Amino acid sequence: MTGPVSKKSFSLPQDVAERLEREANASAYVVEAVRARMRAEDLDAELARRGMTVSAEGRARARARRAQVEQEWSPGRRAALRDRSRRAAQEMLDGAGQQAPAA
């Protein structure tokens with residue numbers, strides 16, 4: 001971590017505390033987890049702005065489909081799709097301030 005930091009103190013469930021104890025840098029681990037959550041929230045907000053609502057049912061269907069794909073596809077094919085999806089999501093977020101062209 002670079003730049004200004006703020007020290008916080010948290011009460012954690014035992015299983016979470018034990019998991020963090022196994023990390024060489026628990027702070028970095030927590031920062032990455034929170035930033036991943038922030039990215040997911042940003043994506044949900046952008047999708048909502050574009051009229052696409054993400055529901056618990058939709059997430060459950062996506063998880064079930066992902067589990068099916070993970071059984072059927074090779075690790076290389078899954079990695080390529082994951083990378084492509086991440087790039088597309090990032091491009092969507094990067095272009096969030098831009099007006100979409102008229103159809």
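Position 1 is the first residue of the sequence, and the numbers go up from there. Every value quoted in this text rests on a predicted model; they were computed, and no experiment measured them. Below, all heavy atoms of this structure are taken into account, side chains as well, without hydrogens, waters or symmetry copies.
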* Do Val31 and Tyr29 belong to the same hydrophobic cluster, where Ile, Leu, Val, Met, Phe, Trp and Tyr are linked whenever their side-chain heavy atoms lie under 4.5 Å apart, directly or via other members? -> no
* Asked: What salt bridge (charged side-chain N to carboxylate O under 4.0 Å, His left out) pairs are there with at least one residue in residues 68-78, not counting sequence neighbours?
  -> Arg66-Glu70
* Structure fact -> Sorted by chain and residue number, the salt bridge (charged side-chain N to carboxylate O under 4.0 Å, His left out) partners of Arg19 (sequence neighbours excluded) come out as Glu23
* Asked: How about Thr53 and Leu47: do any of their side-chain heavy atoms sit closer than 4.5 Å?
  -> no
* To do: Return the minimal non-hydrogen interatomic distance between Asp42 and Leu93, and the atom names on each side.
  => O-CD2, 3.8 Å
* **Qualifying residues under salt bridge (charged side-chain N to carboxylate O under 4.0 Å, His left out), relative to Arg86, sequence neighbours excluded** => none
Mind listing the side-chain donor-acceptor pairs of residues 5-17 below 3.5 Å, one per line with the distance, residues two or more places apart or on another chain?
{"from": "Ser6", "atom 1": "OG", "to": "Lys8", "atom 2": "NZ", "distance (Å)": "3.3"}
{"from": "Gln14", "atom 1": "NE2", "to": "Glu18", "atom 2": "OE2", "distance (Å)": "3.2"}

* If you group Ile, Leu, Val, Met, Phe, Trp and Tyr whenever their side-chain heavy atoms sit less than 4.5 Å apart, what else falls in with Leu81? -> Val69, Trp73
* Asked: How would you list, by chain and number, every residue that makes a salt bridge (charged side-chain N to carboxylate O under 4.0 Å, His left out) with Arg84, sequence neighbours excluded?
  -> none
* Got a second to check how far Arg50's CZ is from Met92's CE, nearest 0.5 Å? -> 5.0 Å
* To do: For residues Glu46 and Arg49, determine if any side-chain heavy atom of one lies less than 4.5 Å from a side-chain heavy atom of the other.
  => yes
* Asked: According to the salt bridge (charged side-chain N to carboxylate O under 4.0 Å, His left out) rule, which pairs have a member within residues 55-65, sequence neighbours left out?
  -> Asp44-Arg59
